[in-house]
2 protein chains.
Amino acid sequence: MAEKDLKIYHGADECPITATIDVIGGKWKAPIIWLLMKSPTRFGELHKTIPGMALKVLSRTLKELEADGIVIRKAYPEVPPRVEYSLSPKGETLRPVMALMSNWSRVHIMGEVGTEEVF
Amino acid sequence: MAEKDLKIYHGADECPITATIDVIGGKWKAPIIWLLMKSPTRFGELHKTIPGMALKVLSRTLKELEADGIVIRKAYPEVPPRVEYSLSPKGETLRPVMALMSNWSRVHIMGEVGTEEVF
DNA sequence: CGGTATCCATATGGATACTG
DNA sequence: CAGTATCCATATGGATACCG
């Protein structure tokens, strides 16, 4: 790891890791991004697929992800309406980050072994 | 990325990324871990170094990190008391994760360039 | 279908005072 | 010095109803 990566940032505002956590953190962003990494998904399907998440929370979370440039919202002018959410190119760049985090948890939280060589 | 890394986890409970975020996420955990990655630090120094974080929050956050096995609390039986927090070996394994997250934010949020080759 | 609005419960955050 | 306890403000979460 390069020296600058050890630079100490005071507070939460300037901490680059916190900045990343603001984008993918919280209770629901990771599962949503994870789903969208597989394929573009409609609002209702996200709601069905992620149990326990209130409509309001899904709506707000998607707006935040859109504002951060991670997901793209595409509305089809049909009746009944159809809205599809997909990963933006910037969202795609999160793939290795998510993969490393997933791997870390599987090894160090869930106790799996032999997956370190994946990355 | 291996196929299994694309496995879809429903909800927040089973999502391995969420599991990682539970450990390093929230408003203050990353800055604290970041500081401890540099050197073991005393309670009061953490409090001084991270402005805006209430004592209560620092205390609770450290307890969570300790419960998750990320930090080690060492109390010296002196008067006045001295308590030093340091990264555990498990906490050390977070280093590449934190570094990748830091790098992602610097490139994709703060707009820096030329740092991709670090990892 | 894809949301928003509303209401309410709970969780989290921050300041200050206090204790071992 | 290293926390806890208390009080209060604000934020977040969830259920339901409603709208374009």
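Because only heavy atoms are used, hydrogens play no part in the values below, and waters and symmetry mates are left out as well, while side chains stay in.
- Residues R42(A) and Y85(A) are not in side-chain contact: their nearest non-hydrogen atoms beyond the backbone lie 4.5 Å or more apart.
- Atom CG in L55(B) sits roughly 10 Å away from atom C1' in dT4(D) (whole-Å rounding).
- Remark: R73(B), P80(B) in residues 72-80 of chain B come within less than 4.0 Å of DNA chain D through at least one heavy atom.
- In this structure, the side chain of K74(A) does not engage the main chain of R82(A) through any donor-acceptor pair within 3.5 Å.
- The side-chain heavy atoms of I21(B) and K27(A), taken from C-beta on, include no pair separated by under 4.5 Å.
- Of all nucleotides in DNA chain C having an atom under 4.0 Å from a heavy atom of chain B, the first and last in 5' to 3' order are dG13(C) to dG20(C).
- Side chain of T41(B) to main chain of S39(B): a donor-acceptor pair is present (N/O by atom type, distance under 3.5 Å, no hydrogens or angles).
- Tested against I70(B), the residues I24(B), L87(B), T93(B) include a single side chain to side chain contact (heavy atoms under 4.5 Å, CB included) partner, L87(B).
- The stretch residues 56-67 of chain A touches DNA chain D through K56(A), R60(A), each having a heavy atom under 4.0 angstrom from the strand.
- There is a path of hydrophobic side-chain contacts, each under 4.5 Å, that joins L36(B) to V83(B).
- Between the side chain of S105(A) and the backbone N or O of T20(B) there is no donor-acceptor pair closer than 3.5 Å.
- Here the side chains of L62(A) and F43(A) are in contact, with some heavy-atom distance below 4.5 Å.
- Between dA2(D) and R42(B), a contact under 4.0 Å exists linking OP1 or OP2 to a side-chain N or O.
- Without hydrogens or angle criteria, R95(B) side chain to M37(B) main chain gives a donor-acceptor distance under 3.5 Å.
- Counting only distance, with no hydrogens or angles, the side chain of T61(A) and the backbone of V57(A) share a donor-acceptor pair below 3.5 Å.
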